[in-house]
Number of protein chains: 2
Amino acid sequence: MNISKASALTDLPPKTIRYYEEIGLVKAARAANGYRDYSENDVHQLAFLQRARSLGFSIEECRSLLSLYSDSDRASSEVKELTLSKIDEIDQKIDELKSLKDTLSKLAKNCHGNDKPDCPILDDLAGRA
Amino acid sequence: MNISKASALTDLPPKTIRYYEEIGLVKAARAANGYRDYSENDVHQLAFLQRARSLGFSIEECRSLLSLYSDSDRASSEVKELTLSKIDEIDQKIDELKSLKDTLSKLAKNCHGNDKPDCPILDDLAGRA
DNA sequence: ATGGGGGTTCCAGTTACCGGAAGGTCAAGG
DNA sequence: CCTTGACCTTCCGGTAACTGGAACCCCCAT
């Protein structure tokens, strides 16, 4: 099938599919006219990528997952490890964002937000806390 | 003062300071030998940037904040608006990350993570849920 | 004069793509 | 048969916010 069909089936833009091929993730066959020709298996792998990317795995992590996926002999513990460390990363990011939010909320609360120039937010940013 | 002194005072790498100059944020004077020469005021602005960036404001937002900072006539409401919308952004991101984490946690929980090849995580990614 | 630790510029790379240009291909309609 | 429009192709450049490295200059002490 052509790239637009694969795109529709995987919910990945054609540009992205070509990009994945360029970086060696999923390589399609070519038809006589030079068009890319996707097999069922290609589409499966692309859909796999789509899902893994949307779950926050980086391209390089996806590359690992894909090779684990294709290796029928791999241990499930490898995949689980990758997933658990991803969860840790996410937890860290959430914590960071929460503390950011706290700081900004405090600043906003102290700022009356009217048309006068006095502004505690800027004062804080300037180090005049 | 030289760039390394400014760097020490603001906790910004010299590379970053030069970058900020390149994109027109804080421009230092030049000494006779061509070295950048930072004033107290320059350092204040750099420190302001450092703090604002670490609070999650983008470069372009920092540019706005900096011009609001330099404009003694601006209304504090402008700054407060920017801050509140930043808080909204952060909230959204936290929500996204939480739902990501939920999904991954569920997947990890169902995976026994041993040395056998059977792996529910990969099964899910492959759409065999 | 030489060695080390500043400084300078410019180029390239990072992540994961997106937009657009220039041009080949294909199916349908007149 | 020709045109039109929707596909497809490749390649180039841009995004955010820097970071690393190369090649070179400057200043001070030995």
Side-chain angles (χ1 to χ4, degrees), chain A residues 1-39 42-43 45-66 86 89-90 93 96-97 100, chain B residues 1-39 42-43 45-66 86 89-90 93 96-97 100:
Chain A
M1 75 188 77
N2 280 350
I3 198 169
S4 61
K5 183 83 185 296
S7 167
L9 288 175
T10 59
D11 216 19
L12 286 171
K15 280 274 188 187
T16 300
I17 296 180
R18 291 193 196 98
Y19 173 69
Y20 287 168
E21 174 170 324
E22 190 190 324
I23 63 175
L25 282 181
V26 175
K27 194 176 64 190
R30 294 298 177 126
N33 58 9
Y35 287 16
R36 287 175 181 79
D37 185 18
Y38 291 88
S39 69
D42 293 336
V43 169
Q45 301 213 21
L46 287 171
F48 181 105
L49 281 171
Q50 193 282 328
R51 175 104 173 109
R53 288 286 299 126
S54 78
L55 285 177
F57 289 98
S58 74
I59 289 285
E60 286 316 308
E61 285 164 338
C62 286
R63 201 188 293 277
S64 303
L65 286 172
L66 214 47
K86 205 71 207 168
E89 266 179 50
I90 292 175
K93 238 177 210 162
E96 273 176 42
L97 288 176
L100 266 185
Chain B
M1 72 187 79
N2 281 348
I3 199 168
S4 61
K5 183 84 184 295
S7 166
L9 289 176
T10 58
D11 216 20
L12 286 171
K15 279 274 188 188
T16 301
I17 297 180
R18 290 194 196 97
Y19 173 68
Y20 287 169
E21 174 169 324
E22 190 189 325
I23 62 174
L25 281 180
V26 175
K27 194 177 65 191
R30 293 297 177 128
N33 57 9
Y35 287 16
R36 286 176 181 77
D37 184 19
Y38 292 88
S39 69
D42 293 337
V43 169
Q45 301 213 22
L46 288 171
F48 180 104
L49 280 171
Q50 193 284 326
R51 176 104 171 107
R53 287 288 298 127
S54 77
L55 285 177
F57 290 97
S58 74
I59 289 285
E60 287 315 308
E61 286 165 339
C62 286
R63 201 189 292 277
S64 302
L65 285 171
L66 213 49
K86 203 72 207 166
E89 267 179 49
I90 291 175
K93 240 177 208 162
E96 271 176 43
L97 288 176
L100 266 184

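Here is the naming used below: chain letters follow the sequence lines, and residue numbers restart at 1 for every chain.
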> Is any side-chain heavy atom of Leu9(A) less than 4.5 Å from a side-chain heavy atom of Met1(A)?
Replying inline: yes
> Are side-chain heavy atoms of Tyr19(B) and Leu25(B) found at a separation under 4.5 Å?
Replying inline: no
Send over the distance from [X] [atom1] to [N] [atom2], rounded to a whole Å.
X	N	atom1	atom2	value
Ile3(A)	dC26(C)	CD1	C1'	17 Å
Glu22(A)	dT15(C)	CD	C1'	13 Å
Gln50(B)	dC18(D)	CD	C1'	14 Å
Arg63(B)	dC18(D)	CZ	C1'	14 Å

Side chain of [X] only, heavy atoms from C-beta on: which candidate in [options] is closest?
X	options	answer
Arg36(B)	dC8(D), dT9(C), dA16(C)	dT9(C)
Ser4(B)	dC17(C), dG6(C), dA17(D)	dG6(C)
Thr16(B)	dT19(D), dG7(C), dT10(D)	dT19(D)

>> Pick the closest DNA chain D nucleotide for Lys15(A) and for Tyr35(A) by heavy atoms, then say which residue is nearer the 5' end.
In response: Tyr35(A)
>> Is there a side-chain contact between Asn33(B) and the phosphate of dC27(D), meaning an N or O under 4.0 Å from OP1 or OP2?
In response: yes
> Would you say a side-chain N or O of Arg30(B) is under 4.0 Å from OP1 or OP2 of dT9(C)?
Replying inline: yes
>> Rounded to the nearest 0.5 Å, what separates atom CG in Asn2(A) from atom NZ in Lys5(A)?
In response: 9.5 Å
Describe the nucleic acid contact of [X] in one word from base, sugar-phosphate, nothing, applying a heavy-atom distance below 4.0 Å.
X	result
Ile23(A)	nothing
Arg18(A)	base
Pro14(A)	nothing

> Using 4.0 Å as the upper bound for N to carboxylate O, is an ion pair formed by Glu21(A) and Arg30(A)?
Replying inline: yes
> Would you call Glu89(B) and Lys86(B) a salt bridge, using N to O less than 4.0 angstrom?
Replying inline: yes
>> Taking the axis from the first five pairs and the axis from the last five, what angle separates them in the helix from dA1(C)-dT30(D) to dG30(C)-dC1(D), rounded to 10 degrees?
In response: 40°
> Looking only at heavy atoms, which two atoms of Ile17(A) and Leu46(A) are closest? And how far apart?
Replying inline: CG2-CD1, 3.9 Å
>> Set out, in order, the CA-CA distance, both residues' side-chain angles and the distance that settles salt bridge (Lys or Arg N to Asp or Glu O under 4.0 Å) for Lys93(A) and Glu96(A), then state yes or no.
In response: CA-CA 5 Å; Lys93(A) 238 177 210 162; Glu96(A) 273 176 42; over 6 Å; no
> Start at the 5' end of DNA chain C and walk down; is the nucleotide closest to Tyr19(A) or to Asp37(B) reached first?
Replying inline: Asp37(B)
